[in-house]
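This report refers to the structure that appears directly beneath it.
Both counts, for ligands and for their atoms, begin at 1 and track the order of listing. What's counted below: heavy atoms across the whole structure, side chains too, no hydrogens, waters or symmetry copies.
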Amino acid sequence: MPTIIDGKEVAAQVLAECAQEIAELKSQGITPGLAVVLVGEDPASKVYVSSKVKKCAELGLHSEKIVLSKEATQEEVFAVVERLNRDPTIHGILVQSPPPPQIDEAAIVRAINPAKDVDGFHPENVAKLALEDSSGFVPCTPAGCMRLLAAAGVETSGKEAVVVGRSMIVGKPMALLLVAKGSDATVTIAHSRTKNLAEVCRRADIVVAAVGIPDFIKAEHIKDGAVVIDVGINRVEDASRKSGYRLCGDVDFEAVADKTHAITPVPGGVGPMTIAMLIKNTIKAAR
Ligand code: NAD
């Protein structure tokens with residue numbers, strides 16, 4: 001039977017560590033503060049932003065939610081970021097992705113003070129990750145995946161890892177973390193143009209799926225005894241649910257789980273870790 005890696009439980013451990021650190025900082029008169037900027041009305045983004053703000057409140061963090069209309073201009077978003085860059089009560093800033101099409105997301109990310117870039121998307125933090133300079137911020141989702149591997153006791157050193165997906169949010173930083181000194185995996189990044197994907201994935205002791213296609217990774221992609229981390233969060237129609245949809249990962253869990261040594265479920269795997277690592281980054285920013 002595979003180990004089902006419980007992201008809710010590991011996230012709760014991370015948040016318990018955070019609670020201690022927050023208490024320590026507060027005793028020194030510092031309340032870590034996070035600002036979350038939402039531009040437009042993307043339904044998934046609204047849910048993510050609300051849960052981030054709610055988690056801050058639960059932990060006694062200061063948080064500010066700034067909502068701009070879907071017609072907001074680049075200048076308006078810049079103005080908000082610049083105000084937050086100057087605000088001493090705000091230590092972390094994130095602009096929820098994806099913004100509406102008139103907004104140049106990369107330019108907004110570059111405008112965030114790298115010392116407040118708790119998403120870890122600013123070029124300075126991307127460079128620090130590549131340089132293995134621990135003073136930067138690591139993107140929350142891949143950082144959460146690494147923590148899940150550690151919590152499940154998965155040895156990465158010398159192991160073959162295949163990361164499916166090359167996004168700057170998940171795939172690339174995940175690959176950098178796995179290959180870094182200390183993790184020491186041998187890493188392949190696969191993507192939409194990769195030939196013989198199933199064959200490439202079958203080499204892997206560890207498969208990380210960050211594709212954005214429901215149930216994309218099948219049994220043929222997985223070697224017996226591999227560890228599978230499913231980053232995917234996809235909404236698929238489900239008339240039997242009140243919401244009309246259910247969440248599903250990038251891995252066909254039913255088809256794959258029995259072949260694995262350990263696997264993350266969706267929901268309840270990587271998802272809860274992202275927010276926990278965001279809180280951790282906010283505390284680091286406050287320090
Ligand atoms: P993205 O769309 O930016 O990247 C998808 C990647 O998949 C691309 O690099 C592409 O090359 C690759 N890909 C697409 N089709 C492929 C194919 N046929 N074969 C191989 N590779 C293929 O997506 P993203 O932002 O990296 O997110 C990936 C998934 O992770 C999505 O489901 C997203 O919702 C989810 N996600 C979850 C969290 C979380 O907190 N758990 C955070 C971020 C993203």
Side-chain angles (χ1 to χ4, degrees), residues 5-8 10-11 14-15 36 42-52 54-55 94-99 101 105-106 109 118-121 126 129 137-149 151 161-178 187-204 207-218 220-222 228-236 245-253 263-281:
I5 304 174
D6 186 343
K8 277 193 211 154
V10 182
V14 173
L15 291 172
V36 188
D42 179 67
S45 295
K46 273 183 164 172
V47 174
Y48 293 146
V49 164
S50 302
S51 53
K52 286 167 187 173
K54 196 173 135 216
K55 190 56 75 185
L94 75 85
V95 180
Q96 186 64 46
S97 184
E105 190 175 8
V109 168
V118 284
D119 259 343
F121 299 158
V126 176
L129 177 59
F137 293 104
V138 176
C140 303
T141 301
C145 294
M146 293 304 289
R147 181 75 189 235
L148 285 177
L149 287 171
V162 172
V163 179
V164 190
R166 58 179 161 187
S167 75
M168 293 308 296
I169 297 176
V170 189
K172 281 211 193 91
M174 185 71 215
L176 286 170
L177 288 168
L178 283 164
V187 182
T188 302
I189 306 179
H191 49 79
S192 52
R193 300 295 172 92
T194 297
K195 293 208 171 79
N196 305 324
L197 182 71
E199 202 179 299
V200 172
C201 289
R202 269 201 310 273
R203 289 207 304 260
V207 175
V208 180
V211 189
I213 305 175
D215 293 340
F216 178 74
I217 298 291
K218 303 286 187 189
E220 59 166 351
H221 295 85
I222 302 300
V228 176
I229 304 290
D230 186 354
V231 182
I233 301 184
N234 306 294
R235 287 184 177 202
V236 294
Y245 70 87
R246 69 186 161 82
L247 292 182
C248 140
D250 289 345
V251 176
D252 185 344
F253 187 91
I263 183 167
T264 61
V266 176
V270 176
M273 293 304 292
T274 298
I275 220 167
M277 301 318 276
L278 174 67
I279 302 290
K280 228 178 163 41
N281 275 352

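The closest approach between Gly171 and ligand 1 stays at or above 4.0 Å for every heavy atom of the residue. For Ala190, the heavy-atom gap to ligand 1 stays at 4.0 angstrom or more.
Note: Met277 CE to Met146 CE = 10.0 Å, rounded to the nearest 0.5 Å. Taken to the nearest 0.5 Å, the CE atom of Met174 stands 15.0 Å off from the CD1 atom of Ile169.
Of all atoms in ligand 1, numbered sequentially from 1 with element shown, those under 4.0 Å from a heavy atom of Gly271 are 41 (N). Under a 4.0 Å criterion applied to the non-hydrogen atoms of Phe216, ligand 1 contributes the atoms 17 (C), 18 (N), 19 (N). The ligand atoms of ligand 1 that sit less than 4.0 angstrom from a heavy atom of Gly212 are 28 (C), 29 (C), 31 (C), 32 (O). Near Val270, meaning under 4.0 Å from any of its heavy atoms, are these atoms of ligand 1: 41 (N). Those atoms of ligand 1 with a heavy atom of Val170 less than 4.0 angstrom away are 26 (O), 43 (C), 44 (C). Taking every non-hydrogen atom of Ile213 and a distance limit under 4.0 Å, the qualifying atoms of ligand 1 come out as 15 (N). In summary, the atoms of ligand 1 found under 4.0 Å from a heavy atom of Asp250, numbered by their order in the structure, are 29 (C), 32 (O).
The protein heavy atom nearest to atom 11 (O) of ligand 1 is Ser192 N, 3.1 Å. The nearest heavy-atom contact from the protein to atom 42 (C) of ligand 1 is Thr141 OG1, 3.2 Å. Looking only at protein heavy atoms, the nearest one to atom 36 (N) of ligand 1 is Val231 O, 3.6 Å. The protein non-hydrogen atom at the shortest distance from atom 4 (O) of ligand 1 is Ser167 CB, 3.9 Å. Scanning the protein heavy atoms around atom 9 (O) of ligand 1, the nearest turns out to be Arg166 N, 2.8 Å. Looking only at protein heavy atoms, the nearest one to atom 40 (O) of ligand 1 is Thr274 OG1, 2.7 Å. For atom 28 (C) of ligand 1, the nearest protein heavy atom (residue, atom name, distance) is Ala210 C, 3.5 Å.
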In sequence, state the C-alpha distance, the side-chain angles, and the governing distance for His221 and Val200, and then conclude on side-chain contact (heavy atoms from CB on, under 4.5 Å). CA-CA 8 Å; His221 295 85; Val200 172; over 6 Å; no

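Without hydrogens or angle criteria, Asn196 side chain to Glu199 main chain gives no donor-acceptor distance under 3.5 Å. Of the possible polar contacts, one joining the Arg202 side chain to the Glu220 backbone as a donor-acceptor pair under 3.5 Å is found. Here the side chain of Asn234 pairs a donor or acceptor atom with the backbone of Gly249 at under 3.5 angstrom. Here the side chain of Asp250 pairs a donor or acceptor atom with the backbone of Gly212 at under 3.5 angstrom.
Across all non-hydrogen atoms, the minimal contact from Val170 to Ser167 is N-OG, 3.0 Å. Between Val126 and Gly120, the shortest heavy-atom distance links the atoms CG2-O, 4.0 Å. Between Ile189 and Gly165 the shortest heavy-atom distance is CG2-O, 3.7 Å. Across all non-hydrogen atoms, the minimal contact from Asp215 to Cys248 is OD1-SG, 3.6 Å.
Within the 4.0 Å heavy-atom criterion, both parts of Val211, backbone and side chain, lie near ligand 1.
Geometrically, ligand 1 and Ile233 share a nitrogen or oxygen pair separated by less than 3.5 Å.
For the pairing with Ile5, the side-chain contact (heavy atoms from CB on, under 4.5 Å) check across Val228, Ile263, Ile229 returns one residue only, Ile229.
Of the options Met277, Lys172, His191, the smallest heavy-atom separation from atom 21 (N) of ligand 1 is shown by His191.
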